[in-house]
**Student:** 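One structure, pasted below without further comment.
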Amino acid sequence: MMTPILDLIGVGIGPSNLSIAALSATKTQLSTQFFEQKPQFSWHPGMLLKEAKMQTSFVKDLVTCVDPTSPYSFLNYLVTQGKIYPFLASGQSTLSRLEFTDYMSWVANQLPNTQFNAPIEDIQYDKGQFVVIHEGQEYLSRHLVIGTGIQPMIPTCAKPFIGSNCFHAGEMATIQPNLTNKRVAIVGGGQSGADIFQHVFDGIYGAPSRIDWWSRRSNIEALDEGCFTDEYFMPDYVNRFYHLHSPVKTQEVQRQKLTSDGITNECLQGLYQRLYQDKFVRQTPAWWSINPSQKLINMQHNNSVYHLTYEHTLTGKKHTAEADIVILCTGFKRCLPNCLSEVLPHLKIDANARIELGENFNAKWKKACENEVYIVNAGTYSHGIAEPQLSLIAWRAARIINHLFGADLYRIPESPNIVNWLLPLKTNCPQNQANSRIYSSDELTSFN
Ligand SMILES: Cc1cc2nc3c(=O)[nH]c(=O)nc-3n(C[C@H](O)[C@H](O)[C@H](O)COP(=O)(O)OP(=O)(O)OC[C@H]3O[C@@H](n4cnc5c(N)ncnc54)[C@H](O)[C@@H]3O)c2cc1C
């Protein structure tokens, strides 16, 4: 039997590709299939801590901002699960990560175009189609969307010690360490560091004898949650940001870091109040410390004790502290999956060795080609600070769907901002390119 050629194959089913799967599932004009290596949907399961909250509104779900009538909206989930009224009465504006994961699993389980337990090992490009390989089985597609997400970032000096007593925050809920009577070092001062500190402080993993929280940042810094800041997470801004020069983009992304990389005010306030009660009301003898401006520069391990050397980023002074357990809340990095290695040489790379992305999240080919490789959650350098976040996933998914179909399956209305950015917006950039280009047979065969 001939293998059918699909319009789109997606590799990875995290929130980014799940949004594309959900928005394309209701469009009968498109044939799509998404593959995920894990046995079922999960969202950073090792960081699914009991009390961890979302940083974004529940309205920014997989579909609503583009198609509020979709059966895969968070509101439909609430109604279907019979909890809409209690949810409204609870007055929460941000959800627990636990509930948002349950919502996304509910979507993933209903979709006809998702396949789990399906790691993609290899992708080849052959005469106008991609051959996507899972366990020797070949699936064919005209276009690809890579949504394989992020990998834990481990400081070099900690790499030799990774194990059950020294691990990345992304493993916390899977390792479930017993911290009873242990001295715990938490390294990293972002949202994960704060979530982990709070859980360890509350004794959720047993009562530790001591907690030391170390951060390279110059204080425990809040997420910039201002309403004007929200403008960075709107389509109009992203469309304008895209046309800035590359060095300016790098500088702006760095400057906007705390708009996505700080700690929510709700979390900080809860933490500060706990610490106040402990130190000034209960007057508990010191058993925790909060240490900003401290960069981890060396690690040793002797007789089950870790010796961690930090350098003060303002004074340059070094000192060493001991710990029994080290939790690395040192963030994540983006990297492309190995299965893309045969396709990569055909794609354009910029001066910083990054794939050049088109406005519609499509990788640019070295030689013109009618097949598209979309890459999501990879282009902070091209599309800005909103790219790795959930805020615009539905909008991005609709852009990709329209682009690959060659017509507007989703109407994406102009959405002007309050702020006048005075940045150029190339309105003549066609969204409907993917299927409308004509190339010579010479160009098309030159990849084979
Ligand atoms: C702890 C945490 C909390 C966050 N909270 C928020 C928040 O509240 N709001 C917000 O806007 N953003 C948040 N983010 C940022 C962002 O939304 C998440 O990182 C999000 O998971 C990104 O989704 P993704 O689909 O791009 O990648 P991922 O969620 O990483 O999913 C990628 C998937 O691809 C699969 N995969 C990889 N390789 C293959 C392969 N070869 N074959 C098949 N499958 C493969 C992986 O198993 C994985 O399931 C958070 C990030 C973290 C780490």
Side-chain angles (χ1 to χ4, degrees), residues 9-22 33-49 52-62 65 93-101 104-105 108 114-123 132-135 139 144-153 168-173 188 190-196 223 225 230 232-233 259-264 266-267 329-341 361 374-380 385-394 396-397:
I9 282 184
V11 184
I13 308 180
S16 301
N17 265 356
L18 188 58
S19 174
I20 303 173
Q33 188 68 31
F34 291 76
F35 294 93
E36 165 60 46
Q37 62 192 2
K38 290 188 273 192
Q40 73 265 321
F41 181 84
S42 60
W43 186 36
H44 300 304
M47 278 299 294
L48 211 53
L49 308 178
K53 292 273 209 131
M54 301 282 297
Q55 288 194 334
T56 33
S57 157
F58 62 83
V59 182
K60 292 174 168 178
D61 64 13
L62 298 167
C65 291
S93 58
T94 50
L95 303 175
S96 65
R97 294 195 56 241
L98 221 48
E99 186 167 29
F100 200 69
T101 304
M104 290 194 284
S105 303
T114 54
Q115 188 172 330
F116 289 86
N117 251 332
I120 297 304
E121 291 104 18
D122 193 17
I123 301 173
V132 176
I133 301 164
H134 157 57
E135 282 182 356
Y139 300 85
L144 278 183
V145 55
I146 305 297
T148 47
I150 50 181
Q151 299 295 329
M153 204 144 63
H168 190 269
E171 301 284 323
M172 187 74 181
Q191 183 71 56
S192 317
D195 287 338
I196 298 265
L223 183 71
E225 296 178 275
D230 239 8
Y232 297 142
F233 301 90
T259 64
S260 65
D261 211 10
I263 305 165
T264 61
E266 189 186 351
C267 175
C329 306
T330 39
F332 293 84
K333 59 180 181 211
R334 266 152 213 97
C335 37
L336 290 166
N338 293 337
C339 61
L340 206 58
S341 56
F361 308 91
Y374 301 95
I375 307 180
V376 288
N377 186 4
T380 304
I385 199 80
E387 181 57 9
Q389 245 233 358
L390 300 181
S391 289
L392 289 177
I393 52 170
R396 181 177 61 200

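We count ligands from 1, going down the list as the structure has it; atoms in each ligand are counted the same way. FYI, the numbering just counts along the sequence from 1. Remember, it's a predicted structure, so these values are computed and weren't measured experimentally.
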**Student:** Would you indicate which of F41, F332, F34 comes nearest to atom 53 (C) of ligand 1 when only heavy atoms are counted?
**Tutor:**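 Result: the heavy atom closest to atom 53 (C) of ligand 1 is in F332.
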
**Student:** Out of curiosity, F41 CZ to E36 CD, how far, rounded to the nearest 0.5 Å?
**Tutor:**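 CD of E36 is found 8.0 Å from CZ of F41.
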
**Student:** Does A118 approach ligand 1 within less than 4.0 angstrom via side chain, backbone, both or neither, non-hydrogen atoms only?
**Tutor:** backbone

**Student:** How many angstroms lie between OG1 in T380 and CD1 in I385, if you round to the nearest 0.5 Å?
**Tutor:**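 Separation between the atoms: 6.5 Å.
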
**Student:** Among all the protein's non-hydrogen atoms, which is closest to atom 23 (O) of ligand 1, and how far away is it?
**Tutor:**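 Result: P15 CD, 3.3 Å.
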
**Student:** Out of L18, L392, L390, I120, who gets a non-hydrogen atom closest to atom 12 (N) of ligand 1?
**Tutor:** L390

**Student:** At what distance is the nearest protein heavy atom to atom 28 (P) of ligand 1, and which residue and atom is it?
**Tutor:**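 Going by distance alone, atom 28 (P) of ligand 1 is nearest to G149 CA, 3.9 Å.
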
**Student:** Among all protein non-hydrogen atoms, which one is nearest to atom 32 (C) of ligand 1, and what is the separation to 0.1 Å?
**Tutor:**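 Protein heavy atom at minimum distance: G147 O, 3.3 Å.
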
**Student:** Among all protein heavy atoms in this structure, tell me which lies nearest to atom 47 (O) of ligand 1, with the distance rounded to 0.1 Å.
**Tutor:**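 Checked against all protein heavy atoms, atom 47 (O) of ligand 1 sits closest to E36 OE2, 2.7 Å.
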
**Student:** Tell me whether ligand 1 is touched by H134 - counting only heavy atoms on the residue side and a distance under 4.0 Å.
**Tutor:**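 Under 4.0 Å: no for H134.
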
**Student:** Of all heavy-atom pairs between K38 and F116, which one has the smallest distance, and what is that distance?
**Tutor:** O-CB, 3.4 Å

**Student:** Between K60 and T56, do the side chains contain a donor N or O and an acceptor N or O under 3.5 Å apart?
**Tutor:** no

**Student:** Who's the nearest protein heavy-atom neighbour of atom 14 (N) of ligand 1, and how far?
**Tutor:**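 Scanning the protein heavy atoms, the shortest distance from atom 14 (N) of ligand 1 goes to W43 CZ2, 4.3 Å.
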
**Student:** Please tell me whether S19 and R396 have a donor and an acceptor in their side chains that are separated by less than 3.5 angstrom.
**Tutor:** no

**Student:** Quick one: does ligand 1 sit under 4.0 Å from the side chain of N338, the backbone, both or neither, non-hydrogen atoms only?
**Tutor:** neither

**Student:** Can you tell if the side chain of L48 reaches within under 4.5 Å of the side chain of L98, non-hydrogen atoms only?
**Tutor:** yes

**Student:** Distance to 0.1 Å, residue and atom name: give those for the protein heavy atom nearest to atom 52 (C) of ligand 1.
**Tutor:**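 Scanning the protein heavy atoms, the shortest distance from atom 52 (C) of ligand 1 goes to H44 CD2, 3.5 Å.
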
**Student:** Any side-chain heavy atom of V11 sitting closer than 4.5 Å to one from L340?
**Tutor:** no

